[in-house]
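Heads up, the thing below is written out as structure tokens.
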2 protein chains.
Amino acid sequence: MSARALPYRPHNHDTCVTQALTDARTICQDRNVRLTPTRERVLELIWQSHKPLGAYDVLAQLSDDGHNAAPPTVYRALDFLQQNGLVHRIASLNAFIGCTHTGEHHTGMFLICQGCGNVLELTAPSVSGAIKVAAEAESFALDDVTLEIAGLCPRCQSEQDETGAPGNE
Amino acid sequence: MSARALPYRPHNHDTCVTQALTDARTICQDRNVRLTPTRERVLELIWQSHKPLGAYDVLAQLSDDGHNAAPPTVYRALDFLQQNGLVHRIASLNAFIGCTHTGEHHTGMFLICQGCGNVLELTAPSVSGAIKVAAEAESFALDDVTLEIAGLCPRCQSEQDETGAPGNE
DNA sequence: GAAAAGTTTGCAACATTATAACATTTCCGA
DNA sequence: TCGGAAATGTTATAATGTTGCAAACTTTTC
Ligand SMILES: [Zn+2]
Ligand SMILES: [Zn+2]
Ligand SMILES: [Zn+2]
Ligand SMILES: [Zn+2]
């Protein structure tokens, strides 16, 4: 899958979303699962924001579409997208964000800016390695890692320096 | 603060809880904050389980006490206990657990057994170090780390080997 | 000690997030 | 084209967490 722009810097976000959808179609074909219109639309809505979107935010936008949707519609689509590695759930926010490392077998590590709300997904082998070692030291059989880091992104740090308060883009 | 038993192995849990409460009193005195009866009782309830307890579980037990409690009572007590480093919230479970490293400035890392539900809190400098480095590489100002690892504890691994299914103590 | 100020709790209502259960429709292979 | 599997619609409900305001309690100040 292609490299993507950082959320912190402006970029052609339409392209960014389009690419994500294209990649998703490919992945679903490869895996022989169905990226139905609802699922695709939910993925698109999530990708249109570099900030995590709550399930009910997605629901509201589906309703704006004229889609007659109820919570299960959204949660089912999100489950599907998660299971196929297309979105991640951010437990500390009860929200969802598009995966920027689809295909690459990875452990997501999320930098969550408390200023602007943007989230950057990283893959840090040194971190996953250290976690694996620590778990093994306890004879713990590792299955799933939740690693979410709250703080301030570079831009919000400088805004805070200047104005005394974090910005909210 | 004194060393504590691992949840995996049987131990005198009354002592374990008593010690935690004693430590908590000391900490609150040092910090000049009030460990009121409600707060202390909530802490005790949480400590009585090595498994994370949901806010409404705590609420139910308070009600059993005859305490006329509503959700805010519990959430406020939990907020207090969190702020003073006496309990942690496990985001992936929406539940709370007593901190086993009170006093020691630390980043909690939690091993959550999917078999028995027990949780072990670790401090792994190699992990926190790697996280810090990764964040710095992105010029991200780290504030709070959520690190929760789901898997199987040693005991549940062997039970699974023997019976084909994880145990539930 | 009494009044003032600050903190904690009680209480009612409400908001948000997530799931259960079952009917209906759509899809896809035989 | 038919029959089973997968996906969606629909309604209701469960689980988790918050707001706002008044009353009670503590600490400080005079
Ligand atoms: Zn990812
Ligand atoms: Zn920011
Ligand atoms: Zn701790
Ligand atoms: Zn276990």
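Source: prediction; values computed, not measured. Lettering of chains follows the sequences in order, A, B, ..., and the numbering in each one begins at 1.
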Is there a donor N/O on one and an acceptor N/O on the other, under 3.5 Å, for the side chain of A:Tyr56 and the base of C:dA18?
yes
Checking contacts here: which listed nucleotide (D:dG9, C:dA12, C:dT19) is nearest the side-chain heavy atoms of A:Arg76?
D:dG9
Across the strands shown, which category fits B:Arg34 at heavy-atom distances under 4.0 angstrom: base, sugar-phosphate, nothing?
sugar-phosphate
A:Asn94 side-chain proximity, nearest of C:dT17, D:dC21, D:dT18:
C:dT17
Between B:Gly54 and A:Ala69, just flag the one whose closest nucleotide in DNA chain D comes earlier from the 5' side.
A:Ala69
Using whole Å, what does the distance between atom C1' of nucleotide C:dT7 and atom CD of B:Gln83 come to?
14 Å
Without hydrogens or angle criteria, can the side chains of A:Gln19 and A:Asp23 be said to hold a donor-acceptor pair below 3.5 Å?
yes
Using side-chain heavy atoms (C-beta onward) and a distance below 4.5 Å, is A:Glu148 in contact with A:Leu93?
no
Against the side chain of A:Ala70, the closest entry in D:dT10, D:dT18, C:dT19 is D:dT10
Contact nearer the 5' end of DNA chain D, comparing A:Asn68 with A:Phe80:
A:Phe80
Which of these nucleotides, D:dT18, D:dT8, C:dT17, is closest to any side-chain atom of A:Thr36?
D:dT8
Closest to side chain of B:Pro71, choosing from D:dT18, C:dT19, D:dT10
D:dT18
For B:Glu40 and B:Leu21, work out which heavy atoms get closest and say how close.
O-CD2, 4.0 Å
Would you say a side-chain N or O of A:Thr73 is under 4.0 Å from OP1 or OP2 of D:dG9?
yes
Minimal heavy-atom distance between A:Trp47 and A:Cys16, with the atoms involved, is CZ3-SG, 3.9 Å
Rounded to the nearest angstrom, tell me the gap between atom CZ in B:Arg31 and atom P in C:dT7.
16 Å
Which nucleotide wins on minimum distance to the side chain of A:Arg39, given the candidates D:dT18, D:dA7, C:dA18?
D:dA7
